[in-house]
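Worksheet: one structure, shown below.
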There are 2 protein chains.
Amino acid sequence: MGDVARLAGVSAKTVSNYFNGYRYMREDTRQRIEAAITELDYRMNLSARNLRSGKTGMIMLAIAELDQAYLAEFAQTVVNKAEELGLGVLIETTGGRREREVEVLEGSRGRNVDGVIYEPVALGAEDISKHHGGFPLVLMGEKVLGGPFDHVTMPDEAGTRTAVSHLVDLGYQNIALIGTSATKESPGQALRRKGYIDALTAGGLEVREHIMVATKRWHRPDGADAMNRLLDSGEQVDAVFAMNDALALGAMWAAEQRGLRIPHDIAFVGFDDTEDATYSIPSLTTVSPGRDALARAAVTALHRRISDPHYVPGEAPIVTDYELIMRKSTPPLAPR
Amino acid sequence: MGDVARLAGVSAKTVSNYFNGYRYMREDTRQRIEAAITELDYRMNLSARNLRSGKTGMIMLAIAELDQAYLAEFAQTVVNKAEELGLGVLIETTGGRREREVEVLEGSRGRNVDGVIYEPVALGAEDISKHHGGFPLVLMGEKVLGGPFDHVTMPDEAGTRTAVSHLVDLGYQNIALIGTSATKESPGQALRRKGYIDALTAGGLEVREHIMVATKRWHRPDGADAMNRLLDSGEQVDAVFAMNDALALGAMWAAEQRGLRIPHDIAFVGFDDTEDATYSIPSLTTVSPGRDALARAAVTALHRRISDPHYVPGEAPIVTDYELIMRKSTPPLAPR
DNA sequence: GTGAAAGCGCTAACAT
DNA sequence: ATGTTAGCGCTTTCAC
């Protein structure tokens, strides 16, 4: 920057003013600076600016994994929105593993970005308060009581309840659940399980532990695997609610592999409304949880928290609207 | 860091040595430092380290979009591999738009990371040399002649040729191509188109411009749209090679919507071997281009370039092995 | 409207 | 094996 100043015949401070949009500057000064920048092909050293200003212009997005359509689409929207606000996005993935989640919360990178959008999977609310190092944080999922965090959350419970109730209304009586956890339940899992149980209860149906199937992850192979176990069990099943679209599509595929006719023999419902749910054969009924709005809300809240020192995180979660998207995988149940 | 040094009764330099793994240090010194760090809950200020050392410990991954399964899976592997090497990954998306691609190449963020992995879509080789600001760069796609860049590339041409030849061998005679460009062709597009044409020619089949269909992007809706236009055209088609899996799955869906039986009436082949190709109904024959190996190779090459000042980028591209994965969407052609 | 000087928190180079 | 000095390239403060 010194070089630019010298070439333009001004001080470094004036060049700095130029970059920071300082308003009072003579037109000829501005032009000389611009000419010098072009001439020298100068780019500001962000490390130096960061050191001095205490800001980095970057936020971190810490999620379980990118190779899950929902999270990839979420990340895409976060990157776009951040770009609008002049922020870069550093992506860390945790694989949903507790150890990595703690690392992210305690590590130095978290304190060296302006803020973090964080999706806890293995970590509970207490853990987060305990391990958190004091940087601006927006949580995806449950509220951490007392923590100074914004939190954005999908309508997990209500969305699931609506979807399962829809199956009940269509006449299905043996509705399986795919995607529970054999070990520690994540917040989203707990809420979706609750929505499922409530809908069955409200519909006067029995809640059967044997048709609630745990999976390790939430990818297609897990869904296929779960479906195979379900069919092997001999339990009667006429519909499946899966905790996300990938599980539902994997389950549907496994059922078809075994010679069942979809959706005639078994109906399927997913959650997320990722692109592949529209284009599966048959197309998949699913819950659209307002993904883009949520991602934008997360970035906006974080940005406000970063740039306004008086900003106080909202007590209430930011929840988006959801919508049940009805497609061909859930026909009205024909009398058997 | 000064605080830590004071509390531990050593100089700042010794604390710095501690963080940088300097080997010669008395055990009790080390322990006093560790105690002080814990006591103060100290985390290093990376901006200061970056300013001083001229490195940031971050690389940038500049790709078209994250909400494309192939790129999301690629990004996931890049993040993992970078993490292994102690590097953070800043993700920028360009949407494949020329203007954004230039911005990324010229902007200040590129000069403020240690290196960049870059996927040009709209930008040609000349553009890249012209706009590049001198930072370590690994390109995905074609070789930029004379540029000091490593480049990693999928076996676009050979993979496509093999896939289309397979259709020819099975007896298909009217093989459409989905995913060409109406405007400027990207490197990958050009190579896949060439592979397609070569395979047809080698098989003694006519190359028909009318069954080569352009799409705006490479997502499912684009594939569906292209398939509809193809079917509306009245051209005879018994198989489709799509430039990626998403296009193939969208096209397959559209054909099914119109009452065609898949794969009996039309066979489909994709490219990428994303997870959804395994679990579609019917499962999709596709080219597996060694995605993970490629992502790891890209990070490794960049890391070497960053850390070894004598490293000279290879002349030859890093190409991975590919494999044709045969599934149910391409049965041997029964005599009609 | 612009300049001069100080200093953000680290590490390279050298000293001990 | 550890301490001292200087300075990375910016922005802040205050003076002009």
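Keep in mind the model is a prediction, meaning the values are calculated, not measured. Below, chain A is the first sequence line, B the second, and so on; all start at residue 1.
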| request: Answer yes or no: is there a side-chain heavy-atom contact under 4.5 Å between B:D3 and B:Y42? | output: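 The answer is no, as the side chains (C-beta and beyond) never meet within the 4.5 Å cut-off.
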Please state whether the phosphate of [N], meaning OP1 or OP2, lies under 4.0 angstrom from any side-chain nitrogen or oxygen of [X].
{"X": "A:R26", "N": "C:dG1", "value": "no"}
{"X": "B:T29", "N": "D:dT2", "value": "yes"}
{"X": "B:N17", "N": "D:dT2", "value": "no"}
{"X": "A:S11", "N": "C:dA4", "value": "no"}

| Hey, would you say the A:F149 and A:F135 ring centroids sit under 6.0 Å apart? | no
| message | Between C1' on D:dC8 and CG on A:L51, what's the gap in Å once rounded to a whole number? | response | 9 Å
| First encountered from the 5' end of DNA chain D, between B:R30 and B:S53 | B:R30
| Is any N or O donor-acceptor pair between the side chain of A:R52 and the base of D:dG9 shorter than 3.5 Å? | no
Applying a 4.0 Å non-hydrogen cut-off, can you work out what [X] is touching in the nucleic acid: base, sugar-phosphate, or nothing?
{"X": "A:N50", "answer": "nothing"}
{"X": "A:T14", "answer": "sugar-phosphate"}
{"X": "B:M1", "answer": "base"}
{"X": "A:Y42", "answer": "sugar-phosphate"}

| message | I want to verify a distance call: between D:dG9, C:dT11, D:dT11, whose nearest atom is closest to the A:N20 side chain? | response | D:dT11
| Criterion side chain to side chain donor-acceptor pair (under 3.5 Å) on A:R30 and A:N17, from CA distance to verdict | CA-CA 10 Å; A:R30 158 172 282 113; A:N17 281 343; over 6 Å; no
| Between B:A75 and B:L66, what is the shortest heavy-atom contact and its length? | CB-CD2, 4.0 Å
